[in-house]
Structure formats: structure tokens, C-alpha cells
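What follows is a single structure, written as C-alpha cells, with notes after it.
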Amino acid sequence: MREIITTYCRMCLEECCIDVYVEDGKMVGIKGNKNHPWNEGRICIKGKAAIDWAYSPDRIKKPLKKTCNGWEEISLTKALDEIAEKMNNLKKKYGSKSIGLWKGEAIGFGQQEQYIRRFCHAYGTPNYFSCDSLCFASTYIGYSLVEGAKPIGDFINSKYIIIWGTNPIYTHMNMAANIRKARQNGAKVVVIDPRKTKTALEADLHIKLKPGTDGALALGIINLIIENNWYDKEFVDEYTIGFNKLKKYSKIFNPDYVESITGISKDVQLTLAHDIFYNSPKVINHIGNGIEHHENGVNNIRAIASIGAICGCIDKPGGEIIADGLNLPSLTLYDELPLKEIQPIGKREFPVIYKYRQECNTMMGMEAILKGDPYFIKGMIITAANPVVTNPNSIKVKKALESLELLVVRDLFMTETAKLADYILPAASFFERDEIVLHSNINRVGLRKKIFEYEDCQDEYGFLESLSKRVGIKEYFPWNSEEELNSWLLEKGGISYKELQESKIGIEYGNIKYKKYEKKPFNTPSGKVELVSETLKDFGYSELPEFKSPSYKDISNKDYPYILITGARKVYHVHSRNDTMPIYIKDKTCPEVEIHPTDGEKLGVKDGDIVIVTSKIGSIEIPVRIVGKEDILPGIIQISHGWKDKNVNLITSDLLNDPISGFSSLRSLSVNIKRKIE
Ligand SMILES: Nc1nc2c(c(=O)[nH]1)N[C@H]1C(S)=C(S)[C@@H](COP(=O)(O)OP(=O)(O)OC[C@H]3O[C@@H](n4cnc5c(=O)[nH]c(N)nc54)[C@H](O)[C@@H]3O)O[C@H]1N2
Ligand SMILES: Nc1nc2c(c(=O)[nH]1)N[C@H]1C(S)=C(S)[C@@H](COP(=O)(O)OP(=O)(O)OC[C@H]3O[C@@H](n4cnc5c(=O)[nH]c(N)nc54)[C@H](O)[C@@H]3O)O[C@H]1N2
Ligand code: SF4
Ligand SMILES: [Mo]
């Protein structure tokens, strides 16, 4: 039998709608779905490779237990029984808080995340960890502190799009398509990035600023906009607080001072400020991971968010829209079982992120495991993550995970993290689970469909439900399958499950509404846009979006004269999943350090030569790629993350953090680079 099943790709977070061709139950082909308004038929190379990936002969299909004779296959029932027994023992010995659960990027940020949060609180531990210790949460709180939510750019209708520290052509294919459409309709696109990315190459203007200095540029723009009376006075008066304080503070950021910090000329600063004014409110300041991974990340983000705020670009066509979202019930148990008496790991150091995200900090998690500070974590269940490669300071991560009394890893493949586990449980891929897919930027909801299954490869819900029975919390997992749960969630959210199942490409759940603030206050304590934040002040931080220079400027770093950016994405790869991708993708690129030709000359190296890159944390040997002289600023080097060999996180620091979000400074690290003498 031949059929086409319309579902959603989850090889990356774009969640493109795809048509999967199935013959006698076997997937044989894959295409982008042409009717879905999100990806309009687009599919990238990773999506095309998804079938080979899911059917890979390297997949783990049976539970594995580590024994003194190596890995032994055991039955799923036995594995779950033993894990539950060990969890119960740890609970008796050290309390339930000694167990943490960790969710990675591969299963996303929606319902899968909520199941794990639910399990944690039902079990009695507040220790929910995730990739969000390094991803998006900084952006989320930066914007939430200012305007109560993270807005979404209305790219298609925009006239002026400033892209700060992101490369959507590689990382957000469909957003990039919308930006291209806007440009065809006459919008100007500006990219701010120390490197000439593909997105920068296509832009009208590329501004190469020094890493970690975006906040200074944003404050300089704010200063020029205010001095020239280019802001939206009505919006500022009616809907913001703290304008005069911001005005006074931003005065420090005069064009000369900003140029000295950022390397951006006065003319360019003025062009930016003027063009923002001229095109407002159809202006979007869109930011990415490149702004988050710095010591002053959140405040830099607040400063950028404030530009749109003072120019009245919030919630207007072509500007930054605060999406309504679909009102599905939350599966977390923060209200029912708040566990107030237990300190979540990382809350002491980073209370604001905990307040806004209920997110423990993975870097502090390693401290807790190794030092027992504030108490010991003794057991960890990790799913869809590979922190030995993706978290900073890999040697420490490895040491910490190895020292646990119980480590369970759920993955499809034998990753570096899985190798450390006591038990590896085979996980279902996205082709093997039913789940709700939300595209909140276009108000659409759809269903990912289970196309096939391997007997022991449980989906996330199935795993947690079967563990819940064994550890005495089954009452919190009453649904018998993910399908049953989806139906419950959707019906509660006012969407018919049946209708959604029948509609191939999902349904729209409402129109985009503008200027909602006229009827409903902003979701901030004052109900207004907060250009200064009482919340931050109450926690002992500055109320202003203060700029602080990155520590690579410190004199103590003189032995590390280069600035390392890590993690710039490649089209072919997603984080550490490089190593498990089908071979024809894997072979396209390899780990390498990108350097400017002048630096290449200074070091006496050519393409392919091996160099040693050293930070205060460690060193790696890696081949060089000399890029074009316009492609990166001299003195700045770039290494993408995710490779098990030549892993850049062997030299990144876990304790050089943004004091508000706890994010590690992965994009402005002081390093040295030397040619390897054979
Ligand atoms: N130096 C540096 N480090 C970084 C970054 C950086 O820019 N620089 N970026 C950071 C960011 S933003 C992120 S999001 C993190 C990501 O880091 P992680 O969350 O660790 O993500 P992955 O490396 O993709 O690991 C995902 C794992 O899930 C497995 N997997 C795939 N599909 C499924 C599934 O359906 N179920 C289950 N259970 N497993 C599955 C994959 O095989 C893979 O081993 O990396 C961070 N690390
Ligand atoms: N193909 C692919 N797509 C992905 C992923 C993947 O691994 N592969 N990962 C997904 C995930 S989880 C994430 S978080 C996103 C990340 O998506 P993006 O945010 O687009 O991440 P990058 O490709 O690293 O682009 C960040 C850019 O910021 C620049 N940059 C570095 N430091 C600074 C700075 O201080 N200021 C400025 N202005 N720019 C700076 C870098 O040079 C880089 O070009 O991608 C998602 N999409
Ligand atoms: S961009 Fe590519 S990998 Fe990501 S969801 Fe779309 S098709 Fe899949
Ligand atoms: Mo991420």
C-alpha cells in the first residue's frame, strides 16, 4: 500500500510541514508540503536526509545496561524496573531533590518539555534542566523584562529589518524566506555581525561590530533617536515607564564613545538611527543566539528591545508583534505542587531566570554534582541532549556525569553522553510520536503523526508514564498514550482533535491582532513597557540596561589576545547531531577554525594547517580555514560547536556567565592561537 502522510519535520526547530511517502509501512520519500503557509514547499538538506537518519543502522533499538563486561542488552521492563528502584534508593538516601531531569534541543520547547517539568514536580524535585541554559531564555527574559513577552517580527510587512547576531538563512529557513520577500517589496535589511554570513551577504548593509558590544551600539542609537526627537512621543508618554532615566543614561553613549567600543563609525550609527526613525513603526530589531552568549547578554538585549519600544514599533503591522498564542492547558505542576521549600539548582545564582522560566542552570548543575553546592545531585535522566559535547567546559561535564550514582540517557544513538550512562534507553524519533505542533508566528496548530514504531523505542510521554507507575506518581500521568493526551489538551484549548487530525496541514486558530496594548496592559509589573526595571532592581541588579564591556578587554587577558566566537551554525548540521547524520551530510564539512587572512599571515599558516587554540580552560588542535578578508574581523576567530572530536567546548568556560541569565560567554572568549609545530 502506498500513502502520503503529511506531518512535520523536527530535524531542527523550524518544524517544516512535510509529505512523507510510505509504502507498506516503510518511509520511502520526503518532500516539503506546498500548501502549508509556513514553509510553502521548502525542505532543507537535513529534512531530506531525515528518513536515512531515522532508519540508520547505528540506531540503538534495545535498552542497554553498563556492566563490568561492557554494554548488555536488557528488556525494557527490566531496565525501567531497575531505574525506578535506583531512583527510589537515591530518594531514600538523599531526598528526591537529588535527582535531576535534563531535556535537550531535539525534542523542542513545547509539550515534551512540559511532560518533564511535570514529572519533576510530581516526583518531588525542582531540578528541571535543559538546553535553555544556553538557548533563547536570555532573549525571552530580556524582552519580557521590557515588554512582558518576546515579540515576533512581522517580516513580510516590514520596511526596515535589523538582524542582530543571527544567520537565519542557515538557521531559520522560513523566516529567511519572509525576510527575502520583504526585501523584494522594498524593505531594507541590515545585518549586525562580526562575520560576513550568508544573511549578511544578501543584506543592504553589513555592520561588523566587535563581539559582545551590541548593547553599546543600541544605547548609542537610542541616544541619537532621543537627541533628534525621532522617537514616538505619544507611545512613550502613554505606554512606557523610565524614559527619562534611559534618556539620561544613554547620553553617555555619544557617537565617539560608541565607536571606540564597537568599532562602528559615527556615520553608520547615524544612518541606523535615522532609518529606524524614518521607517517606524514598520521596523524590526530581530536578535539571535549571537547576542545571548555574552556576559552582558540580557542587558544588551534589553537595550535592543528598547529601540523598538521608544519608536512605537510594538504590536503594529511590519513591526514586532506580541503573539496571542494558543491557550492550551499547562501540564506543569508549579501551582499544584510548588515545592517551595526546596532550592532549585541555579536559582540562588540566577534568580531572575528562575522567576521567569522555572529553569535550573546546567552549569550550576555540574557544580552541584561535583561539589554538593548547595546540595548533591546524585541521579540524572537526560533525554534528547548531548551535554558532554554541547555544554561548556566538556571535561568538567564529563567528570560530573561520570560521578553520578545513576545516569540514564535516552537517545537514538550512542553519543558521548550516552557512553557515560548506566542505562541507555532507545528513544523514538519525531517520526515515531504524535505531538502538537505550534507555529505561533502565524497562529497555526498542526499534528505531528506517528508513522512507524520500533518496539522498545518509547516516546517521551510513554517513557515518563511507564516510569511514573514504578516510582509512585502514576496519578499525574493518567493518559494512556500521547495521542490521548493530545486530544485532551486540544479539546481544553477549544480545538477539535478530530478536525485537526482530518486537516492535513493543521488549522489557523485566530487572526493576528495589532495594538492589543490599547485594551490590555503589557504583561509587566507596571502594565507598561519598562525601560527601567524595578524587578531587576529588587533582585540587586541595575534597573537600567547598563552596558558592560566584555572581559576580553581586561588587561589580565593579555596572554589570550584573540576573541573566539563559537557555535556559528552550518546548514548541514544541528549541534552535536553532526556525528549521527547520514554520511553524505557528514562529509560536507569538518571542524575547523575560521581566521582572517592577516591573522593567518601573522601565524604563518595556510588552509588545513593544524593550530592549537588555547583558553584559560584548555586547548584543542584544529585545522585552519583562512576566510576572505571581508568575512571576519581581524583578531576574531570562529569555531562551530557540536563535534565530538575537536570539540570547541573543551575550551569554553562554564563559569564566565551573564549575571542575570546565567548564560555562558560562548561568543566572546579570550583565547590564544598558535601554529602546531610537527
Ligand atoms: N560552544 C557552543 N556550545 C553550544 C552552543 C553554541 O553556540 N556554542 N549552542 C547551544 C545551544 S543554542 C543549544 S540549543 C545546545 C543544544 O545542545 P543539545 O540540547 O545537547 O542538542 P544536540 O547536540 O542536538 O543533542 C540532541 C540529542 O538528541 C538526540 N535526539 C534526536 N532526536 C531525538 C528525539 O526525538 N528524542 C530523543 N530522546 N533524542 C533525540 C540526538 O541524537 C542528540 O544526541 O547547544 C548549545 N551549545
Ligand atoms: N542548521 C542549523 N540550524 C539551527 C541550529 C543548528 O544547529 N543548525 N540550531 C538551532 C538553535 S537551537 C538555535 S539557538 C539557532 C541559532 O541560530 P542563530 O542565532 O542564527 O545562530 P548562529 O548561526 O550562530 O548565528 C549567530 C551569529 O551571531 C554572530 N555573533 C557572534 N557574536 C556576536 C555579537 O557579539 N554580536 C553580534 N551582533 N553578532 C554576533 C555570529 O558570527 C553568527 O553569525 O539555530 C537553530 N537552527
Ligand atoms: S529547516 Fe530543514 S531540518 Fe529544519 S524543520 Fe525544515 S526541513 Fe527540517
Ligand atoms: Mo539553541
Side-chain angles (χ1 to χ4, degrees), residues 10-14 44-46 53-54 59 102-108 112 130-136 139 163-173 191-200 207-214 217 287-294 297 300 382-392 394 409-418 425-433 457-460 463 550 563-580 632 636 638-642 647-649 651-652 663-664 666-669:
R10 192 39 179 97
M11 295 299 275
C12 88
L13 39 65
E14 282 290 278
C44 79
I45 185 154
K46 303 180 292 295
W53 171 81
R59 261 190 82 168
W102 181 327
K103 175 230 65 127
E105 200 280 316
I107 50 170
Q112 308 297 335
S130 87
C131 53
D132 282 10
S133 290
L134 298 168
C135 180
F136 185 68
T139 300
I163 298 175
W164 303 71
T166 166
N167 182 17
I169 294 185
Y170 280 13
T171 57
H172 298 88
M173 173 174 84
V191 169
I192 302 179
D193 195 312
R195 302 166 52 247
K196 188 172 257 346
T197 58
K198 182 90 167 71
T199 310
I207 298 175
K208 273 186 258 175
L209 98 172
K210 293 183 190 150
T213 65
D214 302 77
L217 179 58
I287 69 164
N289 227 201
I291 312 299
E292 296 190 298
H293 291 156
H294 298 281
N300 292 350
I382 298 181
T383 187
N386 187 10
V388 170
V389 178
T390 53
N391 252 54
S394 304
V409 172
R410 283 174 42 76
D411 205 297
L412 281 66
F413 298 99
M414 182 61 84
T415 63
E416 295 306 287
T417 306
L425 296 178
S429 76
F430 69 86
F431 289 121
E432 298 150 63
R433 60 174 181 258
C457 299
Q458 288 181 296
D459 58 35
E460 305 303 317
F463 162 66
I563 304 164
L564 171 67
I565 297 177
T566 72
R569 311 304 196 242
K570 309 275 186 212
V571 178
Y572 304 110
H573 304 300
V574 181
H575 309 297
S576 73
R577 282 170 261 169
N578 306 346
D579 293 310
T580 54
I632 198 164
I636 295 171
Q638 197 290 126
I639 305 176
S640 296
H641 71 304
N647 167 14
V648 72
N649 281 323
I651 65 173
T652 54
F663 274 41
S664 291
L666 300 173
R667 311 247 181 177
S668 43
L669 197 69

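Just so you know, ligand 1 is whichever comes first in the structure, and atom 1 is the first atom listed for that ligand.
- Residue Ser429 places no N or O, backbone or side chain, under 3.5 Å from any N or O of ligand 1.
- Of the heavy atoms in Ile107, only side-chain atoms (C-beta onward) come closer than 4.0 Å to ligand 1.
- The distance from ligand 1 to the heavy atoms of Phe413 drops below 4.0 Å at these ligand atoms: 42 (O).
- Counting heavy atoms from C-beta outward, Glu416 and Asn386 have side chains that approach closer than 4.5 Å.
- Sorted by chain and number, the residues within 4.0 Å of ligand 2 by heavy atom are Leu13, Lys46, Glu105, Cys135, Gly165, Thr166, Asn167, Tyr170, Thr171, His172, Ile192, Asp193, Pro194, Arg195, Thr197, Leu209, Pro211, Gly212, Asp214, Gly288, Asn289, Gly290, Ile291, His294, Ile565, Gly567, Ala568, Arg569, Lys570, Val571, His573, Val574, His575, Arg667.
- Ligand-side atoms of ligand 1 in range of Thr415: 44 (O), range being under 4.0 angstrom from any heavy atom.
- With a 4.5 Å cut-off on side-chain heavy atoms, Leu412 and Cys457 do not count as touching.
- Contacts of Arg569 classified as salt bridge (charged side-chain N to carboxylate O under 4.0 Å, His left out), with partners at least two apart in sequence or in another chain: none.
- Distances from ligand 1 to the non-hydrogen atoms of Glu432 include no value under 4.0 Å.
- Remark: Ile287 CD1 to Trp164 CH2 distance equals 9.5 Å, nearest 0.5 Å.
- Between Thr652 and Ser664 the shortest side-chain heavy-atom distance does not fall below 4.5 Å.
- Heavy-atom contacts of Thr383 reach the following atoms of ligand 1: 38 (N) (cutoff under 4.0 Å).
- In this structure, Ser576 and Thr415 have side chains that are not in contact, with every pair of non-hydrogen atoms separated by 4.5 Å or more.
- Note on ring orientation: taking the six-membered ring where Trp is involved, the planes of Trp53 and Phe430 are parallel (angle under 30°, cut-offs 30° and 60°).
- Atom CD1 in Ile639 sits 9.5 Å away from atom CG in Leu669 (nearest 0.5 Å).
- Counting heavy atoms under 4.0 Å from ligand 1, residue Arg433 touches it through the side chain alone.
- Between Leu13 and His172 there is a side-chain heavy-atom pair separated by less than 4.5 Å.
- Under the ring-ring contact (aromatic ring centres under 6.0 Å, His included) criterion, His575 pairs with His641, not counting sequence neighbours.
- Below 4.0 Å from some heavy atom of Arg410 lie the following atoms of ligand 1, by number and element: 38 (N).
- Taking a cut-off of under 4.0 Å to the non-hydrogen atoms of Asn649, the atoms of ligand 1 that pass are 1 (N), 2 (C), 3 (N).
- Residue contacts with ligand 1 include Trp53, since one or more of its heavy atoms lies under 4.0 Å from the ligand.
- Near Ala428, meaning under 4.0 Å from any of its heavy atoms, are these atoms of ligand 1: 34 (C), 35 (O), 36 (N).
- Backbone and side-chain nitrogen or oxygen atoms of Asn391 are examined, and none is located within less than 3.5 angstrom of a nitrogen or oxygen of ligand 1.
- In this view, Cys131 and Lys103, Glu105, Phe109 satisfy the side-chain contact (heavy atoms from CB on, under 4.5 Å) rule, not counting sequence neighbours.
- To the nearest 0.5 Å, the span separating CD1 on Ile107 from OG on Ser429 amounts to 12.5 Å.
- Both the backbone and the side chain of Ala384 come within contact range of ligand 1, each with a heavy atom under 4.0 Å.
- Ser668 has its side chain within reach of His294: a pair of non-hydrogen atoms, C-beta onward, lies under 4.5 Å apart.
- Contacts between Pro392 and ligand 1, counted as non-hydrogen atom pairs separated by less than 4.0 Å, are absent for every part of the residue.
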